[in-house]
Every structure is written in C-alpha cells, then in structure tokens.
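Accompanying notes for the structure given below.
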Amino acid sequence: MAVLEVTDQNFADETGTGLTVTNFHATWCGSCQMMTPIISKLAEEMNGTVKFANMDMDQNPYVARYYGIKSLPTMLVRRDGKVVKIIVGVRSVSRLRAEIKQLE
C-alpha cells in the first residue's frame with residue numbers, strides 16, 4: 001500500500017479507523033527527508049494492518065496546530081481516531097517498526 005498524502009480537510013476521514021501513522025513533515029526539513037524511505041518501507045511491510053500517511057505542515061497547518069506539533073519530523077499514531085502515541089524525531093526502520101508493533 002502506498003503512503004497516503006493527507007490534508008487538513010481529509011485527515012479525520014483518512015485516519016479515523018484502524019491503526020494509522022501520520023508523518024508530519026516539511027519539504028525544507030532534512031530530517032523529514034530521511035524519514036520518507038523509512039515510512040514507505042513500513043507502509044509496504046505493514047500493508048493491511050497499519051495505514052501510513054504524510055502531511056506537509058506548511059501546506060496544512062491546522063491539524064498540526066490542533067495536536068501541538070512543533071518539531072519535525074513527528075509521527076502521530078492513532079487507533080480509531082484516538083492518539084495512542086506521538087513519536088518525535090528520526091527513527092531507524094527497526095526502531096519505528098518496533099514502536100508501532102507494540103501498539104498493534
């Protein structure tokens with residue numbers, strides 16, 4: 001499954017059911033660019049069990065502001081629309097996988 005691109009307008013609908021990981025990023029953020037292939041790899045690996053999404057904070061500031069996200073990259077993990085974990089900073093594939101698996 002590909003990583004979804006979500007916006008302020010469709011965030012609630014796209015991440016409202018199941019276990020979702022939304023990667024908040026910006027195009028100018030070098031650390032965020034490091035996370036892109038990691039998010040893509042886990043989206044393929046966990047297809048069917050976890051939904052992954054990207055949200056550009058510069059183009060979609062409202063959801064990030066609502067959740068108080070100030071550092072990039074930040075991953076917001078939600079289960080059925082409720083926040084279960086916030087992960088701040090770059091993670092390796094294995095570490096991010098382990099953190100998500102704990103929540104399945």
Side-chain angles (χ1 to χ4, degrees):
M1 173 187 249
V3 179
L4 297 170
E5 292 295 327
V6 294
T7 65
D8 285 333
Q9 291 74 32
N10 69 2
F11 173 79
D13 290 336
E14 293 290 349
T15 67
T17 58
L19 189 62
T20 63
V21 177
T22 304
N23 178 40
F24 289 83
H25 68 93
T27 56
W28 50 263
C29 171
S31 297
C32 299
Q33 292 173 11
M34 291 170 53
M35 287 304 300
T36 300
I38 293 167
I39 296 292
S40 294
K41 179 173 178 50
L42 291 178
E44 285 181 31
E45 239 180 66
M46 298 177 155
N47 184 18
T49 59
V50 181
K51 182 190 277 189
F52 287 83
N54 283 321
M55 179 178 274
D56 186 321
M57 277 186 47
D58 289 336
Q59 295 178 10
N60 302 283
Y62 300 108
V63 171
R65 191 174 308 136
Y66 177 82
Y67 287 104
I69 295 170
K70 296 180 186 349
S71 297
L72 294 177
T74 294
M75 286 142 282
L76 188 69
V77 186
R78 298 181 356 137
R79 178 180 287 115
D80 296 329
K82 293 185 171 69
V83 176
V84 292
K85 187 171 184 106
I86 297 175
I87 301 167
V88 180
V90 175
R91 296 289 196 275
S92 66
V93 172
S94 59
R95 183 169 173 198
L96 185 56
R97 181 189 303 116
E99 289 184 69
I100 295 168
K101 289 243 181 225
Q102 288 178 340
L103 302 168
E104 284 185 301

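The analysis underlying the following values was restricted to heavy atoms, covering all of them including side chains, and did not include hydrogens, waters or symmetry mates. Here the structure is a predicted model, which means the values were calculated and not measured.
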Notebook entry, point to check: Where the side chain of N60 meets the backbone of D8, is there a donor-acceptor pair that is under 3.5 Å apart?
Noted result: yes

Next item on the list: Please name all residues satisfying side chain to side chain donor-acceptor pair (under 3.5 Å) with S94, sequence neighbours left out, ordered by chain then number.
Entry: S92

Check: Where do M35 and P73 come nearest, in terms of heavy atoms and distance?
Finding: CG-CG, 3.7 Å

Check: Is it true that a side-chain atom of N54 and a backbone atom of E5 form a donor plus acceptor pair closer than 3.5 Å?
Finding: no

Margin query: Under the side chain to side chain contact (heavy atoms under 4.5 Å, CB included) test against V77, which residue among L19, V50, T22 passes?
Written below: L19

Notebook entry, point to check: Minimum heavy-atom separation for G18 to D80, with atom names?
Noted result: N-OD1, 2.7 Å

For residues 96-104, please give each side-chain donor-acceptor pair under 3.5 Å, one per line with the distance, not counting sequence neighbours.
residue, atom, partner, partner atom, Å
R97, NE, E45, OE1, 2.6
R97, NH2, E45, OE1, 3.4
R97, NH2, E45, OE2, 3.0
E99, OE2, R91, NE, 2.7
E104, OE2, T49, OG1, 3.3

Notebook entry, point to check: Can you tell if the side chain of L76 reaches within under 4.5 Å of the side chain of V83, non-hydrogen atoms only?
Noted result: yes

Note to self: Can you give me the closest heavy-atom contact between A43 and F52, atom names plus distance?
What the structure shows: CA-CD1, 3.4 Å

Next item on the list: Could you pull out the closest heavy-atom pair between E14 and T20, with the gap in Å?
Entry: O-CG2, 4.3 Å

Check: Do Y66 and F11 have side chains that get closer than 4.5 Å, going by heavy atoms?
Finding: no

Next item on the list: Indicate yes or no: at least one non-hydrogen side-chain atom of N23 is less than 4.5 angstrom from one of M55.
Entry: no

Note to self: I want to check something: taking the side chain as every heavy atom from C-beta on, are V63 and M57 in contact at a cut-off of under 4.5 Å?
What the structure shows: no

Notebook entry, point to check: Considering residues at least two apart in sequence or located in another chain, which fulfil the side chain to side chain donor-acceptor pair (under 3.5 Å) criterion with D58?
Noted result: W28

Item checked: side chain to side chain donor-acceptor pair (under 3.5 Å) involving Q9 - partner list, sequence neighbours excluded -> T7

Next item on the list: Identify, with sequence neighbours excluded, every residue that meets side chain to side chain donor-acceptor pair (under 3.5 Å) alongside T15.
Entry: R78

Note to self: If the condition is side chain to side chain contact (heavy atoms under 4.5 Å, CB included), which residues does V88 pass it with, not counting sequence neighbours?
What the structure shows: S71, T74, I86

Check: Roughly how far, to the nearest 0.5 Å, is CG of D56 from CG of L72?
Finding: 9.0 Å

Margin query: Under 4.5 Å between side-chain heavy atoms, counting indirect links through other Ile/Leu/Val/Met/Phe/Trp/Tyr residues: same cluster for V90 and V93 or not?
Written below: yes

Check: Do you reckon V21 sits in the same ILVMFWY cluster as M34, going by side-chain contacts under 4.5 Å, direct or chained?
Finding: yes

Next item on the list: Nearest 0.5 Å please: distance from the OG1 atom of T36 over to the NE2 atom of H25.
Entry: 6.5 Å

